[in-house]
Amino acid sequence: MTIQQRATLDDVARLAGVSAKTVSRVFTMRDKVAPDTATRVLSAATRLRFRPNTVARSLRRGGATNAAGFIMGELSNPFYYKVASGIERTLAARGMSLVVATTDDSPAAEERVADALLAQRVGVLLLIPVAGDQSYLEGERQLGTPVIALDRPAQNLVADSVVLANREGAYRATRHLLDHGHRRIGYVCNPASVYTQAERVGGYRAAMAEAGITDTTALERLEDDRTVPPSTTVDRLLGESEPPTAIVSGNNRMTIGALRALRARRDETTALVGFDDFDTADVIGVTVVSYDPVELGRQAAELALERIADPTGFTREIVLPTWLIDRGTGERRPV
C-alpha cells in the first residue's frame, strides 16, 4: 500500500488561491478573515484532509499545549480507567484533550513517565502518585504547570489533591463485621506502603481498638510484593491455627483474590468486606466499601481547570465520601 504524504499549509494555500499566512490566520484568528475567504480555505483543507499542528504552534509561541497529561497505574485495573473517563469528559467539555500514560504501579517508573509527558508540554499534569517523593515536579510547577494528585496526596510537593475518605470507609467495614458478631477480623492488602492503605489500615485498627482488640498483628497480612498473588496472601492467613472469621480486603484485586481463596477452600462461612466496588460484585453478592471513581476524576479535572485559570490560588484538598453496600458476604455471622 502506498502511503500518501500529509498535506501542508502551503498545499492548502495553493488550492485555495491564498497565501500561507491567510491559511494560518483562518485556523487561529478566523474572525480576522473575510467569510468567503475562510470558507474557501476550509473547503480546501477538507479536500486535502489537512490538520493544523496545534502542538507545534503552541511550542513556537513558547507556551503549553491544549492537552492535559494523566499518569495512572496498571491498565487492567478498572479503577484507573473509570477515573480517566471522569477527567476526559470534563476536559473535553472545555476543549482540552487528555494524554494518558501508565506507571504500571511501579514507583521507579513514575518520574520517567512524568518527564515524557512534560516533554510534550502538557498544560496540566494529573497523577496518581506511586513513588514516595514527587519533589522532582516542583521546578515544573514553579514554571507554571499545575499538578493535581488523585487518590493519594503528593509528597514533598505543593499540589492540589482529590482523595477518598479511606480511613472512614475501612472503619465502617470493620465496624459492620463487629456488629455482626465477629471478633477475629483480618485485614489483607498489597501493596501496603501507599497512602491509601495506610489510611485504610488505620481505620481498621481504630474500629478493632474500640472493640477492645488492640493487637491485630496476627490478623493482618500487609504485603509489599506485587509478585505475590492476592489469593496466596489470603490463603496463608486462612491457614493459620486460629484463622479469622471475617476479612476486610484493602482493594478490588485483593477482594477477588479472597474470593478465589475462599472458593478453593470451599469456605462459605468466612465473612468478607472489600474496599472498592467492581463489576459483578453485585451479581455474586460481595459486600463492599464503594465510592464514585468517575466523580474522583471529574473533581480532579475541575481542580486542574481552576488552577490553570488561577495559578496563585490556595492549594486545595477535596475528600470524597465512601459508603458501605451490604450484599451478603459481609453479613455472615461467625460459626
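Treat the numbers as computed from the prediction; the structure is a model and nothing was measured. Numbering starts at 1 and runs along the sequence shown.
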Could you tell me whether the side chain of Val319 reaches within less than 4.5 Å of the side chain of Leu164, counting heavy atoms only?
no
Any Lys/Arg nitrogen of Arg327 or Asp277 sitting under 4.0 Å from an Asp/Glu carboxylate oxygen of the other?
yes
Salt-bridge present (Glu240, Arg221; N to O < 4.0 Å):
yes
Carboxylate-amine/guanidinium contact Asp160 Arg307, below 4.0 Å:
yes
With a 4.5 Å limit on heavy-atom distance, are the side chains of Arg94 and Leu305 in contact?
yes
Picking from Leu177, Thr287, Thr255, what satisfies side-chain contact (heavy atoms from CB on, under 4.5 Å) with Leu272?
Thr255
Note, Ile71 side chain near Ile128 side chain (heavy atom, < 4.5 Å):
no
Check whether any side-chain heavy atom of Met72 sits under 4.5 Å from a side-chain heavy atom of Leu127, and report yes or no.
no
When you compare the side chain of Met208 with that of Thr214, does any pair of heavy atoms fall below 4.5 Å?
no
Compute both the distance and the angle, then confirm whether Arg200 meets the cation-pi test with Phe275: under 6.0 Å from the six-membered ring centre, within 45 degrees of the axis.
yes
Pairing of Glu74 and Arg253 as salt bridge, 4.0 angstrom limit
yes
What's the separation between atom CG in Leu219 and atom CZ in Arg184, rounded to the nearest 0.5 Å?
5.0 Å
Spell out, as yes or no, whether a donor-acceptor pair under 3.5 Å connects the side chain of Asp326 to the backbone of Glu331.
no
Strictly below 4.0 Å, N to O, side chains only: are Asp11 and Arg14 in salt-bridge contact?
yes
Salt bridge or not between Glu220 and Arg205? Use side-chain N to carboxylate O under 4.0 Å.
yes
In this structure, would Ile318 and Leu126 fall into the same cluster of hydrophobic residues linked by side-chain contacts under 4.5 Å?
yes
With sequence neighbours excluded, what pairs up with Arg30 under the salt bridge (charged side-chain N to carboxylate O under 4.0 Å, His left out) test?
none
